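All values below come from the heavy atoms of this structure, side chains included, with hydrogens, waters and symmetry mates left out. Fair warning: this is a prediction, and the values are worked out from it, not measured in the lab. Indexing begins at 1, ligand by ligand and atom by atom, following the structure's order.
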Amino acid sequence: MKIVVQNLKTGKVFLADAPKPAVPDNGILVRTSASLISAGTDRAVVGLARKSTVGKALARPDLVRRVLRKVKNDGLWSAYKAVQNVIAEPKTLGYSLVGEVLAIGHRVEGVAVGDRVACAGAGHANHAEVAAIPSNLFVSVPQGVADEDAAYVTLGAIAMHGLRQANQQLGATVLVVGLGLVGQIMLQLCRAAGLKVIGLDLEEAKLDLARKNGVLIAAKPDDPGLAAKVAAATDGYGVDAVLLCAGSKDSGAPFEDVAGHCRDRARVVVVGDVKMDIPRNAYFKKELEILQSRSYGPGRYDPDYEERGRDYPIGYVRWTERRNMKAFMDLLASGALDMQVLTTHRFPVERAAEAYDLVIGKTPTFTVGIVLTYGPGEAEEYKPAPKARRKVPGKVGLGIIGAGNFAKGVLVPAMTGTGGFDVRGVVSARGLSAQAMKERIGAQYSDSDPGRVFDDADVDAVVIATRHDSHARYVV
Ligand SMILES: NC(=O)c1ccc[n+]([C@@H]2O[C@H](COP(=O)([O-])OP(=O)(O)OC[C@H]3O[C@@H](n4cnc5c(N)ncnc54)[C@H](O)[C@@H]3O)[C@@H](O)[C@H]2O)c1
């Protein structure tokens, strides 16, 4: 199957071939029909990889600190190898898609092969023809909702969680700063929730789009008449909440700009990647409350929820990330939201690199929603090299199951370094990491099915380098 990846060394985005991922016990396999590029996040990710090594280091001092820690603990050579291993692996992109269920893991209920589902999750809902999605990261797509609109599911849940953090009541006025992809969805959600919206952006075209979608006032942040307009729209009190949906990594200026427009004790919710440089006096005087908005809501970054499918009781956590995804689908179905007006570009997945050129501004154009589309029918099977050569006589034919950091960085180099092994095949659940290792060490094939190495008559020994709790399944 085809999958969009980025080379972390060169920054190049390209379409790679990889085996289909395996069906997760606790998830489903989905054939993608459309996926959405997350403009702000993907611009940051793709842009970082395109920087020089020094540029990367300056942009991510946190990673530099991690590397230095590794040098101190494990030595320079080991740290160098670890960094090389990370850089050598192609990085998947995308985390919001819609498609049709191809297969269902044995621990999943309530879904059938052929159902349409909208899916979320970095590392899961990639721009790929086939994706493996854990049970808490997909929801059904209601009839009447177009695939292309359902592909917005993750961004919808992100905006929805931000709005919930603002905790505003019917009739309140909110200031949305940044009317890009997240900001425009936020505007529509606020309108659906009965809130009045004042929107700010630097680009006139974004302001125009917001005007078409019911914003009360749309202006640039430095509009000299803005303070008077905000006062007039809020009976002189100022806005009840601010939703910061702009990215501003290098400056905390948005915090300074918005304080003057807030009412006493308003809430400022940080959705965008904004430098947390907060002018103390302005925030103290009005006792403004600052809240972070983390991804799609509760459940995010909790492996028990996301990987192992444990839900939170609704009485304690009403709006989990999956319930936010479902609420977004329901609003699409009701007609309260319209994603068609936000889709500025569509590209077949084969032209993903062009789409990313738009995202990083290489091709300057007005962009909001960029959707990748996928051809109909079964995703083409990954075709390994037509004829794997026979094992080199005198060497041990090796099969590797699991292509994680330890296998890549320690185990496999140590074994192949002896010169006594001929690596036949590499298997990993997600397929892509097996394919990357296969290419690096010159194995004969990669797959997501462990049966492939067990059935290979030229395999004399199998290395099982998956998580500990899965070893017995392969050994017994
Ligand atoms: N909280 C989360 O979990 C989460 C999830 C996804 C995205 N994000 C972040 O949200 C931000 C927005 O993402 P997006 O996809 O909408 O990006 P986008 O590029 O589509 O939109 C950003 C918009 O902000 C505008 N802008 C920039 N600086 C501004 C300023 N000072 N005042 C007013 N407008 C300004 C830009 O003109 C642009 O229209 C990014 O920083 C992204 O990383 C956060």
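With ligand atoms numbered from 1 in the order given, ligand 1 contributes 1 (N), 2 (C), 4 (C), 8 (N), 9 (C), 10 (O), 44 (C) to contacts under 4.0 Å with heavy atoms of Val271. Every atom of ligand 1 is numbered from 1 in the order shown, and the set under 4.0 Å from a heavy atom of Glu203 is 37 (O). Atoms of ligand 1 found under 4.0 Å from any heavy atom of Tyr95 (numbered from 1 in listed order, with element): 6 (C). Under a 4.0 Å criterion applied to the non-hydrogen atoms of Val182, ligand 1 contributes the atoms 13 (O), 14 (P), 15 (O), 16 (O). Within ligand 1, the atoms closer than 4.0 Å to a non-hydrogen atom of Gly247 are 41 (O), numbered from 1 in the order shown. With ligand atoms numbered from 1 in the order given, ligand 1 contributes 24 (O), 26 (N), 27 (C), 28 (N), 29 (C), 35 (C) to contacts under 4.0 Å with heavy atoms of Ala246. Against a heavy-atom cut-off of under 4.0 Å, Leu181 is close to the following atoms of ligand 1: 15 (O), 16 (O), 20 (O). Each of the following atoms of ligand 1 lies closer than 4.0 Å to a heavy atom of Arg43: 19 (O).
No part of Ser248 comes within 4.0 Å of ligand 1, judged by heavy-atom distances. Heavy atoms of Ile158 found under 4.0 angstrom from ligand 1 belong exclusively to the side chain. Residue contacts with ligand 1, taken as heavy atom pairs separated by less than 4.0 Å, involve Pro221 solely via side-chain atoms from C-beta onward.
Salt-bridge annotation for Glu100 and Arg31: present, with a side-chain N of the basic residue lying under 4.0 Å from a carboxylate O of the acidic one. Ion pair Lys285/Asp264 not flagged as a salt bridge, since none of the NZ, NE, NH1 or NH2 atoms sits closer than 4.0 Å to an Asp/Glu carboxylate oxygen. Between Glu129 and Lys2 there is no salt bridge, since no side-chain nitrogen of the basic residue lies less than 4.0 Å from a carboxylate oxygen of the acidic one. The pair Asp311-Arg323 meets the salt-bridge criterion, since a charged nitrogen lies less than 4.0 angstrom from a carboxylate oxygen. With salt bridges taken as basic N to acidic carboxylate O contacts below 4.0 Å, none links Lys9 and Glu89. A salt bridge does not link Glu203 with Lys220: none of the charged nitrogens is closer than 4.0 Å to a carboxylate oxygen.
At under 3.5 Å, not a single nitrogen or oxygen of Pro254, backbone or side chain, sits near a nitrogen or oxygen of ligand 1. Ligand 1 has a nitrogen or oxygen under 3.5 angstrom from a nitrogen or oxygen of Ser293. On a distance-only criterion, Val177 and ligand 1 share no N/O pair closer than 3.5 Å. For the pair Lys206 and ligand 1, the shortest N or O to N or O distance falls below 3.5 Å.
Of the N and O atoms on the side chains of Gln435 and Asp17, not one donor lies less than 3.5 Å from an acceptor on the other residue. Between the side chains of Tyr312 and Asp302, at least one donor N or O lies within less than 3.5 Å of an accepting N or O.
Considering each of Val258, Val274, Leu202, the one bringing a non-hydrogen atom nearest atom 30 (C) of ligand 1 is Leu202. Residue Asp201 holds the heavy atom nearest to atom 23 (C) of ligand 1 of all those in Leu155, Ile37, Asp222, Asp201. Considering only non-hydrogen atoms, atom 9 (C) of ligand 1 lies nearest to Gly272 out of Gly361, Gly272, Gly40. Between Thr41, Leu209, Val270, Asp273, it is Thr41 that holds the heavy atom closest to atom 7 (C) of ligand 1.
With respect to atom 3 (O) of ligand 1, the closest heavy atom belonging to the protein is Ser295 N, 2.8 Å. Shortest contact from atom 12 (C) of ligand 1 to any protein heavy atom: Cys245 O, 3.1 Å. The single protein non-hydrogen atom nearest to atom 21 (O) of ligand 1 is Gly180 CA, 3.2 Å, given as residue, atom name and distance.
In terms of heavy atoms, Met329 sits closest to Ser140 at CG-O, 3.8 Å.
Under the 4.5 Å side-chain criterion, counting only non-hydrogen atoms from C-beta, Met339 is in contact with Leu332.
Between the CD1 atom of Ile198 and the CD1 atom of Ile217 there is a distance of 4.0 Å, given to the nearest 0.5 Å.
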Apply the test side chain to side chain donor-acceptor pair (under 3.5 Å) to residues Gln184 and Gln188: give CA-CA distance (whole Å), side-chain angles for both, the deciding distance (0.1 Å), then the verdict.
-> CA-CA 6 Å; Gln184 296 285 347; Gln188 291 198 23; over 6 Å; no
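Heavy-atom contacts from other residues, nucleotides or ligands closer than 6.0 Å to NZ of Lys286 number more than 12.
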